[in-house]
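Each remark here refers to the structure printed beneath this line.
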Amino acid sequence: ESEFKDPIRYISSLHKIGTKYGAVKIVPPNSWKPELNIDFKTFTFQTRIQRINRLQEGEGWPGGKKYVLAADLETIERSYWDIVNGKAGDVTVEYGNDIDSVSAGSGFRKDDPSPW
């Protein structure tokens, strides 16, 4: 809990571990509950379909579906683990990398005093 009070110091302290192993996993304390700036019931975003087997061909990625984040976070996580554990059947990979950050922001409140 105390490590999360100064995020820059905490992340800097993980540099040696990250360099040695190539990655670090940061698990926030249970008390960390950031408020989001996005209304999950109305915010929409367009995805693109990633055809991983065709990346080297230099082909653009076609547009995917338009989504509304109407599901609660528990449902999203449950769906994620169904995919990971092979319970979801065939999965098409779509990404929402082209989300307009000017209109969507970072997702976190602009007036959030937290250093995170």
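Smallest separation of non-hydrogen atoms from L14 and V24: O-CG1, 4.0 Å.
Y21 is connected to I26 through a chain of hydrophobic side-chain contacts under 4.5 Å among Ile, Leu, Val, Met, Phe, Trp and Tyr, so both are in one cluster.
Atom CD1 of I17 is separated from atom OG of S13 by 7.0 Å, given to the nearest 0.5 angstrom. Atom CD1 of I83 sits about 13.0 Å away from atom CZ of R78, to the nearest 0.5 Å.
Atom CG of N85 sits in a crowded spot, with more than 12 heavy atoms from other residues, nucleotides or ligands closer than 6.0 Å.
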